2 protein chains.
Amino acid sequence: MHSMANGVTAQTLTEAVADHLRRLIHLGEVGPGDRLPAERDLAEQLGIARLSLREALKTLQNDGYVEVRRGARGGTYVTELKEPVARWRARMRTVSGEFDDIVDFRIALETETARLAAVRRGPADLAALRETIDDLSRAHDRTAFRQSDSRFHAALATAARSTRLLAAVESIRAELFNTYDLLPFVDPVQESVDDHQAVYRAVEAGDVDGATAAIRDHIENARAQLRAIVFDGDPFGAPDRRTDAEAGAREERGR
Amino acid sequence: MHSMANGVTAQTLTEAVADHLRRLIHLGEVGPGDRLPAERDLAEQLGIARLSLREALKTLQNDGYVEVRRGARGGTYVTELKEPVARWRARMRTVSGEFDDIVDFRIALETETARLAAVRRGPADLAALRETIDDLSRAHDRTAFRQSDSRFHAALATAARSTRLLAAVESIRAELFNTYDLLPFVDPVQESVDDHQAVYRAVEAGDVDGATAAIRDHIENARAQLRAIVFDGDPFGAPDRRTDAEAGAREERGR
DNA sequence: CTACAAAGGTACAAGGTCTGTACCTTGCAC
DNA sequence: GTGCAAGGTACAGACCTTGTACCTTTGTAG
């Protein structure tokens, strides 16, 4: 027998709660400056003891996600996220291939999502998609931009009638974090609106190939933008860019 | 603020271990009749206390995945899996859309996997793929068939150079369980070999569209076969069709 | 400038989980 | 029928989770 391998561990409530909250922050559900509910309330909402929540908040505090203030106007506030974003960026630069691995996975999920959406969408789905694009084009700050962007992709997965794709699309977005705060704000908005509209038109028309091509372009655009953020100013030069065209030439260790 | 929603829970070690072992069984890493390592050894391999392992085994025992025998030739043996397969089948029939949801997700993962493999594969990858197909065509029993099949898809994800796709492909295969034991054995072998060879040829040729089309066909074939197992007449022909609730209620004592 | 209210901070006891260690029981093989 | 390789059981210590109670900080209304 083989591969009964190791690595099995329990997850404490504290860890689970910290992961949950960290994910909400990564997804932009709560952004810099937002205040979380009071400990007692939040603990009740999450169905856990206050102490467990407090320990989770302590973790997030240590990692620089939130800061805690006492007194009447006290509470737990999301920070500007400079520290965690810096750590995320360092990891993306350090762990070879991690960045492209995530984006490749996202492409796998979203191209098929777009394909299914083009086939299965109904009028209500189209309306929901239009609304997210309208919100996006009207977004006046980064938080609104983030949320509209997230909701477009969620609406697409909803139109695709796939609960697993919806969940996975959200998960992988959380892994990419939310780094728009590091970009100049104006550029990405118009580009993103254009990309989303292209996807929408193909989905509305039931154009399967057009929809997959449009979403692939969109994610490749996002990849390029994020790559600039992550690797900009690297003294050792850009790491190898695994485009599909190039990568075929190289070959790796056997297995 | 919204969506701070509920549902956060810790996972006990026992649960984690049970999930891990159940997954190995679902993937066919260990099959009917196989014996797991002795409790003391397995606990050490997994890095956990024996009691935690024992509780996990108790769970699997209750669910009909394994049976435990004492004495010199004793140990923990994987059952014929009739009970869990019946439960799985009942669930697929009952939970509306669950079956297609899983297969749709699998298509999302594997089409992009095939696409990337066609672009990034090296000679070693091609050799590994050929080997799994050879194994498959020589498979004399269901266990060998299962393993070769799994390994082909793993090799494909390896050729695609994507750790996340590899992990996700494995996960979703575990959710589909391993129901080949319910099929007549001869048919699917030749079909499956043909399908895999079609994928291989496209990947070898670097034919992106051919590879995605071939893997999509393969999975749609698998969908049709599985659908027949899941939704068509009872494979055991018994007019007495037990619901899973009934099945769980009976046959409780015999252990 | 004082009292109140709304937050976070701390303490403790009861019950559950995980570990390490030790010892008992079963049943095949010789 | 003895040896021995399994599983079966017991227990104490450390850690995690919960419920409850009470303390401290700080903005602000009066």
Side-chain angles (χ1 to χ4, degrees), chain A residues 1 4-22 25 30 33-79, chain B residues 1 4 6-21 25 30 33-79 252-255:
Chain A
M1 186 151 314
M4 224 85 221
N6 50 20
V8 197
T9 21
Q11 192 185 33
T12 67
L13 235 202
T14 296
E15 289 164 356
V17 173
D19 287 351
H20 176 71
L21 296 176
R22 199 181 293 109
I25 294 175
V30 293
D34 287 352
R35 205 198 78 174
L36 302 188
E39 288 182 355
R40 287 171 178 84
D41 299 342
L42 184 49
E44 192 183 12
Q45 281 179 42
L46 296 170
I48 61 175
R50 191 178 160 216
L51 182 56
S52 307
L53 172 60
R54 283 181 57 69
E55 283 175 355
L57 291 177
K58 190 70 180 287
T59 303
L60 295 186
Q61 208 177 344
N62 289 335
D63 292 351
Y65 280 91
V66 300
E67 56 190 5
V68 175
R69 295 200 281 274
R70 296 178 65 167
R73 278 293 176 89
T76 307
Y77 293 82
V78 178
T79 67
Chain B
M1 189 150 314
M4 223 86 221
N6 49 19
V8 196
T9 20
Q11 192 186 33
T12 67
L13 234 202
T14 296
E15 290 164 355
V17 172
D19 287 350
H20 176 71
L21 297 177
I25 294 174
V30 293
D34 287 352
R35 206 198 76 174
L36 303 188
E39 288 183 355
R40 287 170 178 86
D41 300 342
L42 185 49
E44 193 184 12
Q45 281 179 42
L46 296 171
I48 60 175
R50 193 178 158 214
L51 180 57
S52 307
L53 173 59
R54 281 180 58 69
E55 283 175 356
L57 291 177
K58 189 70 178 290
T59 303
L60 295 186
Q61 208 179 342
N62 287 336
D63 292 351
Y65 281 92
V66 300
E67 55 190 5
V68 175
R69 294 201 282 274
R70 298 178 63 165
R73 276 296 173 88
T76 307
Y77 293 83
V78 178
T79 68
E252 196 49 42
R253 215 57 65 211
R255 326 224 126 80

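First the proteins, then the strands, lettered A, B, ... as listed; each starts at 1. All values reported here derive from a predicted model rather than from experimental measurement.
Note on residues 42-70 of chain B: pairs passing ring-ring contact (aromatic ring centres under 6.0 Å, His included), not counting sequence neighbours, are B:H26-B:Y65. Sorted by first then second residue, the ring-ring contact (aromatic ring centres under 6.0 Å, His included) pairs that include residues 42-64 of chain B, not counting sequence neighbours, number zero. Under the salt bridge (charged side-chain N to carboxylate O under 4.0 Å, His left out) criterion, the residue pairs touching residues 10-20 of chain A are A:D19-A:R22, with sequence neighbours excluded.
Across the protein-nucleic acid pair, B:Y77 atom OH and C:dG27 atom P stand 13 Å apart, rounded to whole Å. A straight line from CZ of B:R73 to C1' of D:dG3 spans 15 Å, rounded to a whole angstrom. Here C:dT21 presents its P atom at 12 Å from CD of B:E44, a figure rounded to the nearest Å.
In this view, A:E55 and A:T14, A:L51 satisfy the side chain to side chain contact (heavy atoms under 4.5 Å, CB included) rule, not counting sequence neighbours.
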Along nucleotides 7-19 of chain C, 5' to 3', which nucleotides get a B, which get an S, and which get a -, given that the test is a protein heavy-atom distance under 4.0 Å?
SBBB-------SB
List the atom pairs, with distances to 0.1 Å, where a side-chain N or O of residues 69-78 of chain B and a protein N or O form a donor-acceptor pair under 3.5 Å, not counting sequence neighbours.
| unit_1 | atom_1 | unit_2 | atom_2 | d |
| --- | --- | --- | --- | --- |
| B:R69 | NH1 | B:E67 | OE2 | 3.4 |
| B:Y77 | OH | B:R73 | O | 2.9 |

